Amino acid sequence: MACRSCRRQLVLLTRRANAIAEIQNAAALRHPSLQITDPRCLRTDQRRSFASTPRQSGVRDYMSRLFQRTAEPYRVVQATEEIYKACAREALYAIPDKDRRAGTIRKTAEGEDIGEGKTMWHEEFQLPPTFSTWSQVTMLHMYLVYARLRNLDRDAARSWQQQLVDHFFFDAEEKMDLTHGISSRGLRQRYLKDLFVQWRGVIAAYDEGVVKGDPVLAAAVWRNVFKARDDVDVRALAAVVSWMRLCLKMLDQIPDESLYYQAQAVFKWRAKSELALVDKPTRELEGQLGREPPPIQKVAV
């Protein structure tokens, strides 16, 4: 029985091979002269027509384009893996081995394992270092890239998005097994199905927020990332919304051919940096916030 890493590589290699086969078949249909024919069907007395012989430069250009199309699936897998790693490390956490062996892992009110995390999302925004926090923060970053990929051609966008999502679910299953000790594959598959439903809901909620405005987007972030807590810091919520808008703008300014190596650089700007913008009063309130309220005058009765 193959390990999870081997199965993951097998799935990726199979997808690459299928994509390469489709490209080669399409190229053969567009260029019948490159198809292999049966020599017995050819006439032996047929003279060679040099007019029908393709030029060497044309063949070279065609082979170059064919090589680029063949190598494209490999580049997409590598690029999306690097982008996913940038998304996944933002809320990384770990469960100490001593607590796992002793059975002293802390639990949330919902029964979820609490680990140790020292990222901005744990320390600045007071999110617990749990699997749900990691998955929601990772999906938040993935959504920003996912939205940018819609600007690509339909086939290219579909390939990029599928590879990005595959990396996430492979990693999520690995965390369930190695970090939380869920050895049952059937149980992991059930959790992954629930996680996929959450991912589809995240896309719909954030899409609605981006279109309808910041209040709707803030409500979506509050429900998904902050678990609809009553004690959430509204400053942190506003900072995340402002950061999402900024990341979408920066990703939109990256050319399509530069997504391979520039997309993950966008996340170097932290969401907590937007707190300075959130704390800055608007022009309408600048003159009112520093002004003391007028004294209350007593009226004689």
Side-chain angles (χ1 to χ4, degrees), residues 83-84 86-91 117 119-128 130 132-152 157 160-161 164-165 168 195-256 259 262-291:
I83 295 173
Y84 168 73
C87 299
R89 62 170 167 256
E90 293 298 322
T119 68
M120 173 200 68
W121 297 88
H122 301 134
E123 296 180 349
E124 300 291 336
F125 294 154
Q126 301 299 316
L127 293 174
T130 60
S132 61
T133 296
W134 170 82
S135 61
Q136 287 295 333
V137 173
T138 302
M139 287 190 289
L140 173 63
H141 288 74
M142 287 173 55
Y143 167 79
L144 301 175
V145 181
Y146 197 90
R148 170 60 180 88
L149 295 177
R150 292 169 177 165
N151 292 337
L152 302 178
W160 276 72
Q161 292 170 343
L164 183 65
V165 173
F168 169 65
L195 194 61
F196 180 76
V197 174
Q198 295 179 28
W199 166 242
R200 303 305 299 179
V202 161
I203 295 176
Y206 292 158
D207 278 346
E208 182 184 19
V210 170
V211 173
K212 292 186 176 181
D214 290 347
V216 180
L217 183 58
V221 174
W222 175 64
R223 291 193 308 270
N224 291 282
V225 178
F226 292 93
K227 299 291 185 184
R229 285 167 26 201
D230 296 332
D231 60 342
V232 64
D233 186 1
V234 293
R235 294 174 60 253
L237 195 60
V240 173
V241 172
S242 177
W243 170 80
M244 290 179 66
R245 295 285 188 184
L246 179 61
C247 288
L248 288 173
K249 180 180 179 180
M250 290 190 292
L251 286 169
D252 185 61
Q253 294 174 348
I254 298 177
D256 293 347
L259 284 174
Q262 289 187 3
Q264 60 268 30
V266 172
F267 300 135
K268 292 182 179 180
W269 182 262
R270 303 299 180 183
K272 68 178 181 179
S273 303
E274 295 297 300
L275 288 172
L277 179 63
V278 172
D279 294 337
K280 184 178 180 180
T282 61
R283 295 179 181 178
E284 292 78 5
L285 297 178
E286 282 182 352
Q288 300 179 14
L289 293 178
R291 190 182 303 170

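Keep in mind it's a predicted model, so treat the numbers as computed, not measured.
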### Task
Identify the heavy atoms of L275 and A239 that sit nearest to each other, and give their distance.
CD2-CB, 3.7 Å

## Note on the structure
Correct closest heavy-atom pair for Y146 and W199 would be CD1-CZ2, 3.7 Å

### Message
Just verifying a value: how many Å separate L217 CG and M244 CE, rounded to the nearest 0.5 Å?
### Response
4.5 Å

### Task
Identify the heavy atoms of L259 and I83 that sit nearest to each other, and give their distance.
O-CD1, 3.9 Å

### N224 side chain near Q198 side chain, heavy-atom distance below 4.5 Å
no

### Query
Do V240 and V225 have side-chain heavy atoms sitting under 4.5 Å apart?
no

### Query
How many angstroms lie between CG in L140 and CD in E90, if you round to the nearest 0.5 Å?
10.0 Å

### Query
Which distance, rounded to the nearest 0.5 Å, do you find between the CG of N151 and the CD1 of I254?
11.5 Å

### Query
Does any non-hydrogen side-chain atom of L237 lie less than 4.5 Å from one of F125?
no

### Query
Between Q136 and V202, does a side chain to side chain contact (heavy atoms under 4.5 Å, CB included) hold up when you go through it step by step?
CA-CA 9 Å; Q136 287 295 333; V202 161; 3.8 Å; yes

### Task
Answer yes or no: is there a side-chain heavy-atom contact under 4.5 Å between V145 and Y84?
no

### Task
Report the distance from atom CD of Q264 to atom CG of L251, rounding to the nearest 0.5 Å.
10.5 Å

### Message
So which atom in R229 and which in Q126 form the shortest heavy-atom distance, rounded to 0.1 Å?
### Response
NH1-O, 3.4 Å

### Message
Ignoring hydrogens, what is the shortest heavy-atom contact between A157 and L149? Give both atom names and the distance.
### Response
CB-O, 3.1 Å

### Query
SG/C247 to CZ/R148 distance, rounded to the nearest 0.5 angstrom?
13.5 Å

#### Entry: A205 versus R223, closest heavy-atom pair with distance
CB-NH2, 3.8 Å

### Message
Checking side-chain polar atoms at under 3.5 Å, does H122 have a donor or acceptor matched by the opposite partner on T119?
### Response
yes

### Task
Look at the aromatic rings of W121 and W243 and report parallel, tilted or perpendicular, splitting at 30° and 60°.
perpendicular

### Query
More than 12 non-hydrogen atoms from neighbouring residues, nucleotides or ligands closer than 6.0 Å to CG on D231, yes or no?
yes

### Close side-chain approach of D207 to Y143, heavy-atom, < 4.5 Å
yes

#### Entry: Separation between CZ of R89 and CH2 of W134, rounded to the nearest 0.5 Å
13.5 Å

